[in-house]
Amino acid sequence: MQDLPAEVFMDIFACLSPKDLVRSTCVSKEWKATIEDPQLAKSHLQRSIKTKSHPTILIISSNPFVCVSLNFSDTDTTYGKLLIIEQPWEHPPRLTSDKIFGYFNGLVCMHYGAGFGLWNPSIQKFKRIPSSPFSMFRFAKIHGGFGYDSVNVDYKLVSFVHLNTFCAVHSYSLKSGAWKSIQDLPLKGLVFDSQGVFLQCALHWLTLQETDGERMLNILTFDLASEEFCKFPLPVHIFPAPISDPVCRSPIYSLVVVGGSYLCIYQTESRCKAWIMREYGVVESWSMLYSFDEQVHNCKPLLLSSCGKMVLLEENYIYSRLVWYDLQNGTRKMVQSPMPQSFYTIICEESIHLLGS
């Protein structure tokens with residue numbers, strides 16, 4: 001084994017599961033150093049994405065805390081493979097969906113007590129992030145997002161807090177281990193719908209902008225490399241009047257990333273509708289993904305099947321469930337795996353990031 005070139009070792013390790021890699025760090029100091037090399041984490045993740053038909057779905061129930069992973073294959077989309085994920089903390093937080101700040105490359109960023117934390121469910125690693133400068137504002141509404149700066153090879157967390165007439169913004173760099181203040185945002189007429197979603201090295205938020213009494217739906221973006229904000233409008237003919245209705249105090253739309261490549265806006269009330277941006281940044285490329293009548297609340301699209309003909313939905317009405325919806329013939333097929341009665345989901349790739357932490 002000692003005569004094998006280092007690149008051969010890396011290729012072999014990249015084929016192993018995260019659990020096997022954790023065990024292998026106990027073999028020798030040389031193996032431990034190789035497995036904890038950031039380059040292996042990158043190669044391992046790329047291979048995981050390339051060889052798997054579908055990403056791993058984390059199914060989380062907050063009361064009591066239960067987390068299971070669900071994997072589908074091309075031949076099994078009805079049941080899938082369930083695996084219980086053990087909690088990495090002694091006293092689990094009440095991990096509700098609003099506590100999740102984002103997820104990428106197998107890492108889940110969460111609001112944890114007065115601070116934040118990064119959790120890798122694949123290897124059961126949990127890293128605390130120091131409290132942000134906003135921790136003193138106990139009752140302020142904090143929004144934000146989490147993503148990866150590929151230019152500077154750094155994971156970053158962005159946190160917002162509403163302070164009277166403006167919105168203060170700070171960012172945290174995992175590489176430097178420190179928070180810093182960045183440009184503030186004017187608060188007037190700007191309402192954040194949810195935590196930011198990550199795509200194309202930027203975080204995205206669905207916002208409402210008031211201009212002359214009219215409410216317009218926009219997508220606000222924050223480039224993690226340049227640390228600059230910008231926004232692009234959404235076509236009015238697709239997202240009409242409910243946004244301009246003065247009675248409507250909060251958006252009835254929400255923003256997600258589907259298939260790891262597409263921004264998707266879905267309707268959270270009444271009819272089940274979703275639109276997808278086929279070409280990133282091109283306003284004219286928005287098109288209908290699905291539309292059907294069903295008595296559900298917050299019908300959230302999660303991922304597309306490998307053939308692109310079905311979309312997996314998280315539906316919430318009396319209880320939570322996962323349903324495959326056929327985009328061509330409109331048929332529905334419920335996932336039959338045993339799950340908690342009430343849950344929410346996170347799309348999470350298997351990775352070994354944070355292994356050396």
Side-chain angles (χ1 to χ4, degrees), residues 62 89 93-120 126-209 218-231 250-251 254-257 344 346 348 353-354 357:
S62 60
W89 39 70
R94 184 172 172 79
L95 197 57
T96 52
S97 57
D98 61 320
K99 298 293 185 182
I100 302 297
F101 260 54
Y103 41 91
F104 188 69
N105 281 358
L107 300 180
V108 180
C109 181
M110 64 185 70
H111 200 193
Y112 187 77
F116 297 88
L118 287 180
W119 176 36
N120 186 333
F126 183 78
K127 180 180 179 65
R128 291 183 183 272
I129 293 176
S131 300
S132 76
F134 300 141
S135 60
M136 66 184 74
F137 303 105
R138 293 183 57 193
F139 302 104
K141 190 173 184 179
I142 297 178
H143 296 275
F146 169 76
Y148 182 65
D149 175 4
S150 58
V151 175
N152 298 298
V153 194
D154 190 12
Y155 288 96
K156 292 182 178 179
L157 166 65
V158 179
S159 181
F160 301 84
V161 67
H162 294 177
L163 300 173
N164 296 323
T165 58
F166 70 98
C167 185
V169 187
H170 283 76
S171 70
Y172 176 84
S173 161
L174 188 62
K175 180 184 286 186
S176 68
W179 289 91
K180 71 175 182 179
S181 176
I182 52 181
Q183 69 182 91
D184 294 334
L185 286 175
L187 181 60
K188 186 178 179 180
L190 193 61
V191 179
F192 293 99
D193 166 53
S194 63
Q195 308 302 345
V197 298
F198 179 76
L199 184 66
Q200 297 279 358
C201 200
L203 291 168
H204 304 73
W205 293 268
L206 198 60
T207 65
L208 283 175
Q209 184 73 51
N218 299 287
I219 292 181
L220 177 73
T221 70
F222 178 74
D223 189 295
L224 290 179
S226 64
E227 297 191 336
E228 294 179 350
F229 287 98
C230 68
K231 66 179 180 180
S250 63
S254 194
L255 181 67
V256 292
V257 172
Y344 62 95
I346 294 175
C348 191
H353 287 274
L354 294 187
S357 298

Asks: Kindly compute the distance separating CD1 (Ile219) from CG (Leu206), expressed to the nearest 0.5 Å.
Replies: 6.0 Å
Asks: What's the separation between atom CE in Met110 and atom CD1 in Ile129, rounded to the nearest 0.5 Å?
Replies: 10.0 Å
Asks: Do you know the tightest heavy-atom contact between Cys109 and Leu118?
Replies: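 Nearest pair, atom of Cys109 first, then Leu118: CB-CD2, 3.7 Å.
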Asks: Quick check on Lys175: does its NZ atom have over 12 non-hydrogen neighbours (other residues, nucleotides or ligands) under 6.0 Å away?
Replies: yes
Asks: Could you check whether any side-chain N or O of Ser159 sits under 3.5 Å from a backbone N or O of His170, counting only pairs where one atom can act as donor and the other as acceptor?
Replies: no
Asks: Measure across Lys127 and Leu174 and return the closest heavy-atom pair with its distance rounded to 0.1 Å.
Replies: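 Heavy-atom minimum between the residues: CE-CD1, 3.5 Å.
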Asks: For Tyr148 and Leu107, run side-chain contact (heavy atoms from CB on, under 4.5 Å): C-alpha distance rounded to whole Å, both residues' side-chain angles, the deciding distance at 0.1 Å, then the answer.
Replies: CA-CA 10 Å; Tyr148 182 65; Leu107 300 180; over 6 Å; no
Asks: Considering only residues two or more places apart or on different chains, which pairs with a residue in residues 155-170 satisfy salt bridge (Lys or Arg N to Asp or Glu O under 4.0 Å)?
Replies: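 Of all non-adjacent pairs touching residues 155-170, those that pass salt bridge (Lys or Arg N to Asp or Glu O under 4.0 Å) are Asp149-Lys156, Lys156-Glu227.
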Asks: With Val256, which residues qualify under side chain to side chain contact (heavy atoms under 4.5 Å, CB included), at least two apart?
Replies: Val258, Cys264, Tyr266, Lys300, Pro301
Asks: Test Lys231 against Thr207 for side-chain contact (heavy atoms from CB on, under 4.5 Å), laying out the working first.
Replies: CA-CA 9 Å; Lys231 66 179 180 180; Thr207 65; 5.8 Å; no
Asks: Give the minimum heavy-atom separation between Asn105 and His353, together with the two atoms involved.
Replies: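 The pair with the smallest heavy-atom distance is O-CD2, 3.6 Å.
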Asks: Tell me, with the steps shown, if Phe101 and Val158 meet side-chain contact (heavy atoms from CB on, under 4.5 Å).
Replies: CA-CA 9 Å; Phe101 260 54; Val158 179; over 6 Å; no
Asks: Could you walk me through whether Ile100 and Phe146 pass side-chain contact (heavy atoms from CB on, under 4.5 Å), step by step?
Replies: CA-CA 9 Å; Ile100 302 297; Phe146 169 76; over 6 Å; no
Asks: Of all the heavy-atom pairs spanning Cys230 and Leu220, show the shortest one and how long it is.
Replies: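 Where Cys230 meets Leu220 most closely, the heavy atoms are O-CD1, 3.5 Å.
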Asks: With sequence neighbours left out, write down each residue that passes ring-ring contact (aromatic ring centres under 6.0 Å, His included) with Phe222, or none if nothing qualifies.
Replies: Phe229
Asks: Between the main-chain N or O of Gly144 and the side-chain N or O of Trp205, is there a donor-acceptor pair closer than 3.5 Å?
Replies: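 Yes.
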Asks: Of all the heavy-atom pairs spanning Leu224 and Gly147, show the shortest one and how long it is.
Replies: CD1-C, 3.5 Å
Asks: Quick one: side chain to side chain donor-acceptor pair (under 3.5 Å) partners of Tyr172, sequence neighbours excluded?
Replies: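 In terms of side chain to side chain donor-acceptor pair (under 3.5 Å), with neighbours along the sequence ignored, Tyr172 is linked to no residue.
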Asks: Who are the side chain to side chain donor-acceptor pair (under 3.5 Å) partners of Ser173, not counting sequence neighbours?
Replies: Asp154, Ser176
Asks: Checking Phe104 now: which residues fulfil ring-ring contact (aromatic ring centres under 6.0 Å, His included) with it, not counting sequence neighbours?
Replies: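 So Phe104 forms a ring-ring contact (aromatic ring centres under 6.0 Å, His included) with Phe198.
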